[in-house]
Amino acid sequence: QVQLVESGGGLVQAGGSLRLSCAASGGTFSMYSMGWFRQAPGKEREFVARISRSGSNTYYADSVKGRFTISRDNAKTTVYLQMNSLKPEDTAVYYCAATSRITPLRTSTQVEYWGQGTQVTVSA
C-alpha cells in the first residue's frame, strides 16, 4: 500500500509560481510511474503531467505545457510539480497519483493510488 501526501499549495497571483511536492511511502517508489491531476469546482478530474519510473520521460497536458515541470527524486521518494506563469484557470485541487502499470499514465482510471489533494488558487 502506497501513501501519497501532497504539500505546497496556496494562493498566488496570476503570473506567479508554486512548487507542489508529493511524498510517497509504503512502497518501492521507483516501481511507480507518477503523475499529477487536478480538479476544478464542477469539473471532472483531469490529467496534468506524468513522469516515468526513472524520471527520464515526462509528458504534459497541452494546457500546462511550457509552464509546468514535473520531476522526481527517487532517493527522497518525492515527486514535484513546478508551476510557473500561473493563470486563474489553473485554480483547482491538485492530486498526486501513482501507478505500477506499464501503460503510460493518462487517465484517472489508470491510477492505483491517490494523494489527498492540495488546493491551488490563482487570483486575477
Side-chain angles (χ1 to χ4, degrees):
Q1 189 78 5
V2 175
Q3 292 81 44
L4 303 173
V5 179
E6 301 98 333
S7 61
L11 173 63
V12 64
Q13 289 188 330
S17 298
L18 282 175
R19 188 194 196 202
L20 305 183
S21 298
C22 171
S25 61
T28 303
F29 185 68
S30 59
M31 290 179 59
Y32 291 88
S33 296
M34 301 297 296
W36 290 93
F37 288 71
R38 66 187 182 186
Q39 188 166 19
K43 295 188 176 181
E44 293 188 354
R45 193 170 297 188
E46 65 174 2
F47 169 82
V48 174
R50 69 168 181 254
I51 188 165
S52 61
R53 291 165 180 77
S54 66
S56 59
N57 292 306
T58 58
Y59 183 81
Y60 299 91
D62 287 344
S63 58
V64 307
K65 199 174 297 182
R67 300 188 297 121
F68 290 11
T69 302
I70 188 171
S71 61
R72 66 189 292 164
D73 185 333
N74 284 351
K76 295 183 177 179
T77 66
T78 300
V79 63
Y80 305 96
L81 185 68
Q82 178 66 43
M83 305 186 294
N84 298 329
S85 302
L86 282 161
K87 305 174 181 180
E89 51 263 44
D90 294 318
T91 295
V93 177
Y94 283 71
Y95 295 91
C96 181
T99 183
S100 62
R101 298 174 183 176
I102 300 300
T103 305
L105 184 61
R106 188 68 177 87
T107 64
S108 297
T109 56
Q110 297 172 288
V111 177
E112 295 178 84
Y113 300 102
W114 292 101
Q116 83 287 354
T118 186
Q119 177 70 48
V120 171
T121 303
V122 184
S123 62

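For the numbers below, each heavy atom of this structure counts, side chains included, while hydrogens, waters and symmetry mates do not.
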Distance in Å, Thr109 OG1 paired with Arg101 CZ, rounded so as to fall on 0.5 Å steps: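 It is 7.5 Å, given to the nearest 0.5 Å.
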
Separation of Arg19 CZ from Met83 CE (nearest 0.5 Å):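 The distance works out to 11.5 Å.
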
Any sub-3.5 Å donor-acceptor pair from [X]'s side-chain atoms to [Y]'s backbone N or O?
X: Ser56; Y: Ser54; value: no
X: Thr77; Y: Ala24; value: yes
X: Glu6; Y: Cys96; value: yes
X: Ser33; Y: Leu105; value: no
X: Arg53; Y: Met31; value: yes
X: Arg72; Y: Gly55; value: no

Can you hop from [X] to [Y] via hydrophobic side chains spaced under 4.5 Å?
X: Tyr60; Y: Leu18; value: yes
X: Phe47; Y: Tyr32; value: no
X: Ile70; Y: Tyr59; value: no
X: Val122; Y: Tyr95; value: no
X: Tyr80; Y: Val12; value: no

Evaluation steps, side-chain contact (heavy atoms from CB on, under 4.5 Å), between Gln13 and Leu86: CA-CA 8 Å; Gln13 289 188 330; Leu86 282 161; over 6 Å; no

Donor + acceptor pair across side chains of Ser100, Glu112 (<3.5 Å):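 Result is yes, a qualifying pair exists.
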
Plane angle bin for Phe68 and Tyr94 - parallel if under 30°, tilted between 30 and 60°, otherwise perpendicular: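 Because their plane-to-plane angle lies in the 30° to 60° range, the rings of Tyr94 and Phe68 count as tilted.
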
Between [X] and [Y], what is the shortest heavy-atom contact and its length?
X: Ala40; Y: Ala92; answer: N-CB, 3.8 Å
X: Ile51; Y: Ser71; answer: CD1-CA, 3.6 Å
X: Thr103; Y: Gln110; answer: CG2-NE2, 3.3 Å
X: Ser85; Y: Arg67; answer: O-NH1, 3.0 Å

Validation row: Val111, Arg45 side chains within 4.5 angstrom (heavy atoms):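 Sidechains of Arg45 and Val111: no contact.
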
Close side-chain approach of Phe29 to Lys76, heavy-atom, < 4.5 Å: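 In short, these two side chains do not touch, never coming nearer than 4.5 Å.
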
Carboxylate-amine/guanidinium contact Lys65 Asp62, below 4.0 Å: yes

